[in-house]
Amino acid sequence: VVDVKGGPDEGLDRLGQTLVVQGWVRTLRVQSSVTFIEVNDGSCLSNMQCVMNSDAEGYDEVESGFIATGASVWVKGILVASQGSKQKVELQIEKLITVGRSDPSFPIQKKRVSREFLRTKAHLRPRTNTFGAVWSFVKMQSVARVRNALAYATHKFFQDNGFVWISSPIITASDCEGAGEQFCVTTLIPSSPEVTDSRVDAIPKTEDGSIDWSQDFFGKPAFLTVSGQLNAETYATALSDVYTFGPTFRAENSNTSRHLAEFWMIEPELAFADLNDDMACATAYLHWIIRVIYHFCMWKVKYVLEHCKEDMDFFNTWIEKGIINRLSDVVEKNFVQLTYTDAVELLLRADKKFEFPVKWGCDLQSEHERYITEEVFGGCPVIVRDYPKEIKAFYMRQNDDGKTVSAMDMLVPRVGELIGGSQREERLEYLEERLDTLNLNKETYWWYLDLRRYGSVPHAGFGLGFERLVQFATGIDNIRDAIPFPRTPGSAEF
Ligand code: 4AD
Ligand code: MG
């Protein structure tokens with residue numbers, strides 16, 4: 001158990017105490033009289049420098065070369081003041097036990113490695129971590145701890161504000177966005193006991209060898225969910241304020257730094273609420289998140305202080321210089337709000353050439369979104385509302401102009417669209433008409449339509465992509481480094 005958390009300045013109050021550290025060897029330096037072993041147990045970014053003399057118990061393990069980068073060890077020693085400049089304290093080893101040796105082929109040695117390379121070693125990349133070294137990659141341990149803190153802060157925000165967390169299903173027959181970007185679920189049918197380990201062979205086939213889709217989900221079509229929203233709406237129209245927080249899937253073949261095939265989404269849904277309530281909720285939530293991450297001193301969020309201050313300092317110094325100050329400025333401000341029509345005006349007047357030309361009715365591309373928040377509004381998040389109905393999903397409430405819907409997207413610097421939300425169409429006849437116009441099968445939405453038949457209420461909600469939030473909070477530029485095991489087209493190995 002390591003009790004020296006929170007960085008290299010910590011631990012001075014524990015000098016002279018005997019400690020046990022269990023962790024993984026980052027580096028090993030054998031000198032003639034003394035050996036330095038840097039051990040990390042994942043509790044913080046810093047390693048524990050352990051110093052071993054040749055008379056310490058277990059030194060033969062070092063001599064015989066069994067302790068190498070990657071090995072797991074148990075060390076017991078006394079905490080002493082360090083002579084080195086990098087840390088205030090170090091552990092003078094009395095006893096070392098090798099728990100698991102590491103082969104010299106351990107692929108992540110102390111040298112510059114690229115993020116692309118690390119993604120091919122997703123099972124070992126959380127072990128990349130050396131405090132003080134200027135490495136050109138994101139430290140996945142830090143990402144994991146910040147991600148965890150953001151998840152904690154998310155639940156805390158909604159719980160403290162009376163929202164009930166709903167587990168929405170992953171397997172569903174409904175297509176929330178109506179965009180047909182779903183993965184299909186198939187039931188494997190082993191043809192004989194010998195082939196049970198060959199899942200590809202066990203995908204049900206018809207006589208001509210093509211995939212038999214009638215076997216999908218025990219004979220019914222089923223897909224991975226693109227959003228928990230429709231299910232959240234059913235609970236919002238009974239419990240009032242609810243939220244989901246879970247994995248969602250999109251079969252879109254996009255290879256960008258903002259898209260994943262599997263990502264986590266936070267989806268609050270508020271009953272007796274309109275688009276203004278929705279935007280207020282999204283703003284309050286993001287303000288809270290920024291405070292939690294950058295204003296560590298709040299007593300309520302001591303947990304975050306203890307777990308990732310050092311990690312945030314790392315991002316602030318090495319990944320996106322000055323991000324803490326920039327976002328701290330934003331937290332006191334109300335976010336900019338403007339209509340889609342005004343946003344298009346701004347883009348048309350821009351003295352900048354866009355790759356995708358702009359005209360009223362077009363979907364905003366990432367370059368447009370970033371221009372608006374970064375260049376027009378100086379890094380402040382911007383909420384764009386009232387989009388043309390043609391480019392938005394069927395469930396959004398039609399505005400009185402007949403052309404736009406009560407939708408809102410929150411755009412933030414570097415990331416672009418962080419949040420997409422709307423007031424929902426609560427009027428049965430409008431909703432049915434929209435489904436018909438879009439050629440969506442009303443039969444599969446029968447239960448969703450029921451919500452409008454029985455006690456319909458104005459309600460609204462939004463979805464926030466959790467990995468994009470991690471990008472926003474840390475400055476990580478590629479979404480593949482914001483999730484432990486990224487799923488992108490063709491990549492699902494680990
Ligand atoms: O705008 P989207 O598609 O909206 C919905 O799914 C609604 N049902 C949400 C709701 O109102 N409850 O997605 C919402 C957010 C986006 O703003 C973005 O942050 C994220 O989800 N997102 C993705 N993140 C990573 N990879 C992808 N492929 C994403 N697609 C959407
Ligand atoms: Mg969207």
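All values reported here derive from a predicted model rather than from experimental measurement. Ligands are counted one by one from 1 in listed order, and the atoms in each one are counted from 1 as well. What you see below is based on every heavy atom in this structure, not just the backbone, and it leaves out hydrogens, waters and symmetry mates.
Short contacts between ligand 1 and Ile479, defined as distances under 4.0 Å to a heavy atom of the residue, involve ligand atoms 25 (C). Short contacts between ligand 1 and Ser227, defined as distances under 4.0 Å to a heavy atom of the residue, involve ligand atoms 6 (O), 8 (N). Near Tyr395, the atoms of ligand 1 lying under 4.0 angstrom from a non-hydrogen atom of the residue are 7 (C), 8 (N). Ligand-side atoms of ligand 1 in range of Met265: 6 (O), 13 (O), 14 (C), 15 (C), 21 (O), range being under 4.0 angstrom from any heavy atom.
Two residues are said to be in side-chain contact when any heavy atoms from C-beta on lie closer than 4.5 Å; Arg468 and Ile479 meet this criterion. No side-chain heavy atom of Asp311 sits less than 4.5 Å from a side-chain heavy atom of Thr474.
For Arg468, every heavy-atom contact with ligand 1 shorter than 4.0 Å involves the side chain, none the backbone. The residue Thr248 has no part lying near ligand 1, judged by heavy-atom distances below 4.0 Å. By the criterion of a heavy-atom distance under 4.0 Å, neither the backbone nor the side chain of Asp409 is placed next to ligand 1.
When the heavy atoms of Glu417, Glu177, Glu467 are ranked by distance to atom 1 (O) of ligand 1, first place goes to Glu417. Nearest to atom 22 (N) of ligand 1 by heavy atom, out of Tyr243, Phe462, Phe263, is Phe263.
A donor-acceptor pair is defined here as one N or O able to donate and one able to accept, closer than 3.5 Å; no such pair exists between the side chain of Asp401 and the backbone of Val405.
Nearest to atom 3 (O) of ligand 1 among the protein's heavy atoms is Arg250 NH1, 2.9 Å. The nearest heavy-atom contact from the protein to atom 9 (C) of ligand 1 is Glu267 OE2, 3.3 Å. Of the protein's non-hydrogen atoms, Leu418 O, 2.8 Å is the one closest to atom 19 (O) of ligand 1. In this structure, atom 26 (N) of ligand 1 lies nearest to the protein heavy atom Leu260 N, 2.9 Å. The protein non-hydrogen atom at the shortest distance from atom 15 (C) of ligand 1 is Gly463 O, 3.6 Å.
Judged by the 6.0 Å distance and 45° axis criteria, Lys156 is not positioned over the aromatic ring of Trp288.
Looking at Arg453 and Glu432, a side-chain N of the basic residue comes within less than 4.0 Å of a carboxylate O on the acidic one, giving a salt bridge. Arg452 has no carboxylate O lying under 4.0 Å from a charged side-chain N of Glu426, or vice versa, which leaves the two without a salt bridge.
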Would you list the atom pairs, donor with acceptor, under 3.5 Å between side chains in residues 407-415 and any protein atom, with sequence neighbours excluded?
| from | atom 1 | to | atom 2 | distance (Å) |
| --- | --- | --- | --- | --- |
| Asp409 | OD1 | Lys392 | NZ | 3.4 |
| Asp409 | OD2 | Tyr387 | OH | 3.4 |
| Asp409 | OD2 | Lys392 | NZ | 3.3 |
| Arg414 | NH1 | Gln471 | O | 3.3 |
| Arg414 | NH2 | Phe472 | O | 3.1 |

Could you give the side-chain donor-acceptor pairs of residues 241-251 under 3.5 Å, partners two or more places apart or in another chain?
| from | atom 1 | to | atom 2 | distance (Å) |
| --- | --- | --- | --- | --- |
| Tyr243 | OH | His155 | ND1 | 2.7 |
| Tyr243 | OH | Gln159 | NE2 | 2.9 |
| Thr248 | OG1 | Phe263 | O | 3.0 |
| Arg250 | NE | Val226 | O | 3.2 |
| Arg250 | NH2 | Val226 | O | 2.9 |

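Annotation: Leu464 places no N or O atom under 3.5 Å from an N or O atom of ligand 1; distance criterion only.
Counting only protein atoms, the N, O or S atoms lying less than 2.8 Å from the Mg ion (ligand 2) are Glu417 OE2, ordered by chain and residue number.
Side-chain polar atoms of Glu233 and Tyr395 form no donor-acceptor pair below 3.5 angstrom.
Contact between Arg258 and ligand 1 is present, with at least one heavy atom of the residue lying under 4.0 Å from the ligand. At least one heavy atom of Cys176 sits closer than 4.0 Å to an atom of ligand 1. At least one heavy atom of Arg424 sits less than 4.0 Å from an atom of ligand 1.
Taking a 6.0 Å sphere around CZ of Phe272, one finds it holds 12 or fewer heavy atoms contributed by other residues, nucleotides or ligands.
Take Ser167 and apply the side-chain hydrogen bond (donor to acceptor under 3.5 Å, both in side chains) test, not counting sequence neighbours, and it matches no residue.
In this structure, the ring of Phe394 has its center less than 6.0 angstrom from the ring center of Tyr445.
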Taking it one step at a time, do Phe157 and Phe163 satisfy ring pair (Phe, Tyr, Trp, His ring centres under 6.0 Å)?
CA-CA 9 Å; Phe157 175 84; Phe163 285 68; 7.1 Å; no
